[in-house]
Amino acid sequence: MTGRGKYETRLDPALWAYIDAVNAWYPPEIIGLPIDKQREVYDRMCRAFHQGRPPGVKVSDGLVAASGHGIPIRHYQLVGKAARAMVLYFHGGGFILGNLDSHDDICAEICAGTGFDVLSVDYRLAPEHVHPAAFNDAMAAFAWAAAASDLPIVLCGESAGGNLAAAVAQATRRRAAIGQVLIYPGLGGDERAGSYVEHADAPLLSVGDIAFYRDVRSAKRQSPDDPTFSPLRDSDFSGLPPTVIISAECDPLSSDGEAYRDRIVAAGGKAWWHEETRLVHSFLRARTTVPAAAEAFGRIVAAVAALGRGEWPYL
């Protein structure tokens with residue numbers, strides 16, 4: 001994380017109040033604290049940014065049985081409306097932060113904005129549970145959702161959750177998922193080029209932060225070429241569901257979205273990548289205060305809605 005620097009005029013001016021608020025709640029130096037302390041601070045920040053749920057959204061919590069443990073889930077439904085699809089949502093947080101509460105309002109707004117059911121997954125976190133624990137939980141939640149309902153499934157995730165959504169889509173290709181929407185995902189791209197270099201010290205997420213999260217998540221002798229760890233390292237991008245990737249321009253991870261789009265299209269699939277100009281990683285939390293972030297969130301909800309209806313409005 002960094003100060004204004006070269007981004008003073010490069011970012012949407014309205015974004016600076018949001019960046020300052022995040023840094024006030026979750027300052028850059030927090031990365032040096034023990035993980036449990038980081039979580040305490042992060043959870044407080046999430047509560048402070050929580051916007052409440054839109055009216056008409058009904059919520060229930062439950063557990064998905066997995067091998068030796070239960071995976072907490074939260075089910076969002078719009079009262080009085082029959083859903084046409086189910087969104088399986090994986091939250092962000094670098095694989096070490098986040099839970100059902102941290103992205104509760106975002107999931108509720110996706111439910112209200114699409115009319116679809118939303119199932120948020122509280123996958124296991126590192127360092128207590130290194131890879132492939134989170135991936136295994138994501139797969140178990142996907143299998144449970146596919147068996148429990150006849151609704152078509154749209155995979156969706158942001159940041160670390162985008163990684164999980166993509167990994168699940170690749171592991172389950174040609175079956176069940178009707179689409180996937182990835183929001184500024186980290187997919188294990190080439191860190192020697194593109195946005196990794198141009199935006200190495202971007203506000204709210206730097207390449208140093210990315211390396212920290214990757215190291216905490218990694219098991220001993222973790223292969224960087226494992227596609228369940230780094231989806232861009234896969235050798236086959238065929239058979240994937242229609243895919244929409246929304247990135248932020250001033251984010252080291254932006255090039256991952258572009259590369260993922262290119263590989264799916266090259267393999268004969270449908271993929272659309274959109275880079276939100278003058279925004280940074282984590283802009284979802286700015287959706288109520290920054291007009292550009294609100295427009296970006298609107299595009300995300302529209303993408304989820306289109307894919308859930310089996311439509312492809314992207315040229």
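By convention here, the first residue in the shown sequence is residue 1.
- The shortest distance between side-chain heavy atoms of W272 and W312 falls below 4.5 Å.
- Side-chain atoms of D105 come within 3.5 Å of backbone N or O of Q51 as a donor-acceptor pair.
- No side-chain donor-acceptor contact under 3.5 Å links Q180 to the backbone of V244.
- D209 places a side-chain N or O within 3.5 Å of a backbone atom of S206 that can act as its donor or acceptor partner.
- Between E311 and R84, none of the side-chain N atoms (NZ, or NE/NH1/NH2) sits under 4.0 Å from a carboxylate O, so this pair counts as no salt bridge.
- The aromatic ring centres of H91 and Y123 sit less than 6.0 Å apart.
- Geometric assessment of R217 against the ring of F229 yields a positive cation-pi assignment under the 6.0 Å and 45° thresholds.
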Steps toward side-chain hydrogen bond (donor to acceptor under 3.5 Å, both in side chains) verdict (H75, D61): CA-CA 6 Å; H75 190 186; D61 289 352; over 6 Å; no
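- The two residues A85 and L151 have their closest heavy-atom pair at O-CD1, 3.8 Å.
- Aromatic ring centres of W144 and F142: separated by at least 6.0 Å.
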Intermediate values then yes/no, side-chain hydrogen bond (donor to acceptor under 3.5 Å, both in side chains), S223 and D225: CA-CA 5 Å; S223 170; D225 295 323; 4.5 Å; no
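- Exactly one residue among I71, V130, N136 makes a side-chain contact (heavy atoms from CB on, under 4.5 Å) with R124. That residue is N136.
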Candidate pair H199 and S254, rule side-chain hydrogen bond (donor to acceptor under 3.5 Å, both in side chains), full reasoning: CA-CA 9 Å; H199 297 293; S254 185; over 6 Å; no
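- Side-chain N/O atoms of E158 and H103 include a donor and acceptor closer than 3.5 Å.
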Test log, rule side-chain contact (heavy atoms from CB on, under 4.5 Å), inputs M86 and L119: CA-CA 7 Å; M86 175 178 287; L119 198 69; 4.3 Å; yes
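- Looking only at distances, a side-chain donor or acceptor of S102 sits under 3.5 Å from a matching main-chain atom of N99.
- Contact annotation: the side chain of Y260 approaches that of L232 to within less than 4.5 Å [non-hydrogen atoms, C-beta and beyond].
- Contact between S120 and L100 at its shortest, heavy atoms only, is O-CD2, 3.5 Å.
- Following chains of ILVMFWY side-chain contacts shorter than 4.5 Å, one cannot reach V59 starting from L88, and the two form parts of different hydrophobic clusters.
- Under the 4.5 Å side-chain contact rule for hydrophobic residues, Y213 and F90 do not share a cluster.
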Check against side-chain contact (heavy atoms from CB on, under 4.5 Å), L284 and I106: CA-CA 8 Å; L284 281 189; I106 291 167; 4.0 Å; yes
CA sep, side-chain torsions, deciding dist, call: L97, L125, side-chain contact (heavy atoms from CB on, under 4.5 Å): CA-CA 7 Å; L97 308 168; L125 300 175; 5.7 Å; no
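- Y18 and S282 form a side-chain donor-acceptor contact under 3.5 Å, judged by distance and modelled atom types alone.
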CA sep, side-chain torsions, deciding dist, call: D201, Y7, side-chain hydrogen bond (donor to acceptor under 3.5 Å, both in side chains): CA-CA 10 Å; D201 295 310; Y7 292 98; over 6 Å; no
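- In the model, D215 has no side-chain atom that pairs as donor or acceptor with a side-chain atom of S218 under 3.5 Å.
- Residues D104 and R53 are paired through a salt bridge, judged by an N-O separation under 4.0 Å between the basic side chain and the carboxylate.
- For the pair V57 and C111, the tightest heavy-atom approach, listed with the atom from each and the gap, is CG1-SG, 4.2 Å.
- Hydrophobic clustering of Ile, Leu, Val, Met, Phe, Trp and Tyr side chains at less than 4.5 Å, counting indirect connections, unites I210 with I19.
- No side-chain heavy atom of I178 sits less than 4.5 Å from a side-chain heavy atom of I153.
- We find that R74 and D101 are joined by a salt bridge, their nearest charged nitrogen and carboxylate oxygen being less than 4.0 Å apart.
- Between the W16 side chain and the E8 main chain, a donor and an acceptor come within less than 3.5 Å of each other.
- For R10 and E198, the salt-bridge test passes: some basic side-chain N is under 4.0 Å from an acidic carboxylate O.
- Taking a cutoff of 4.0 Å between a charged side-chain nitrogen and a carboxylate oxygen, R261 and E275 do not qualify as a salt bridge.
- Rounding to the nearest 0.5 Å gives a distance of 8.0 Å between CG of D226 and CZ of F135.
- The minimum heavy-atom distance linking A138 with V168 is given by the pair CB-CG2, 3.7 Å.
- The same ILVMFWY cluster, assembled from side-chain heavy atoms under 4.5 Å apart, contains both V290 and Y26.
- Contact check for F116 versus Y76: no side-chain heavy atoms found under the 4.5 Å cut-off.
- Using a cut-off of 4.0 Å between Lys/Arg side-chain N and Asp/Glu carboxylate O, R173 and D234 are scored as salt-bridged.
- Between the side chains of H129 and D137, no donor N or O sits under 3.5 Å from an acceptor N or O.
- Shown here for G92 and Y42, the closest heavy-atom pair between the two residues is O-OH, 4.1 Å.
- Annotation for T243 and I264: closest pair OG1-CD1, 3.7 Å, computed over non-hydrogen atoms.
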Derivation of the ring pair (Phe, Tyr, Trp, His ring centres under 6.0 Å) call for H274 and Y314: CA-CA 11 Å; H274 181 74; Y314 308 102; 9.4 Å; no
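- In this structure, R278 has no salt bridge (charged side-chain N to carboxylate O under 4.0 Å, His left out) partners at least two apart in sequence or on a different chain.
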Audit row: R263, E258, salt bridge (Lys or Arg N to Asp or Glu O under 4.0 Å) steps and yes/no: CA-CA 9 Å; R263 292 181 193 179; E258 182 180 22; over 6 Å; no
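- A salt bridge between E295 and R287 is absent, with no side-chain N of the basic residue lying under 4.0 Å from a carboxylate O of the acidic one.
- Atom CD1 in I96 sits 10.5 Å away from atom CG in D36 (nearest 0.5 Å).
- A donor-acceptor pair under 3.5 Å is absent between the side-chain atoms of E276 and the main chain of A292, judged by distance alone.
- Looking only at distances, no side-chain donor or acceptor of S159 sits under 3.5 Å from a matching main-chain atom of G161.
- Taking the six-membered ring where the residue is Trp, Y184 and H281 present tilted rings, their angle falling between 30° and 60°.
- Taking the side chain as every heavy atom from C-beta outward, Y89 and L155 never approach each other to under 4.5 Å.
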Candidate pair C250 and L11, rule side-chain contact (heavy atoms from CB on, under 4.5 Å), full reasoning: CA-CA 8 Å; C250 300; L11 294 180; 3.5 Å; yes
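- Looking only at distances, no side-chain donor or acceptor of S230 sits under 3.5 Å from a matching main-chain atom of G188.
- Residues D190 and S255 are not in side-chain contact: their nearest non-hydrogen atoms beyond the backbone lie 4.5 Å or more apart.
- Under a 3.5 Å cut-off, the side chain of D256 and the backbone N or O of L187 do form a donor-acceptor pair.
- In this structure the side chain of V121 never reaches within 4.5 angstrom of the side chain of L164, judged on heavy atoms.
- Side-chain contact between I183 and I300 is present, with heavy atoms from C-beta onward closer than 4.5 Å.
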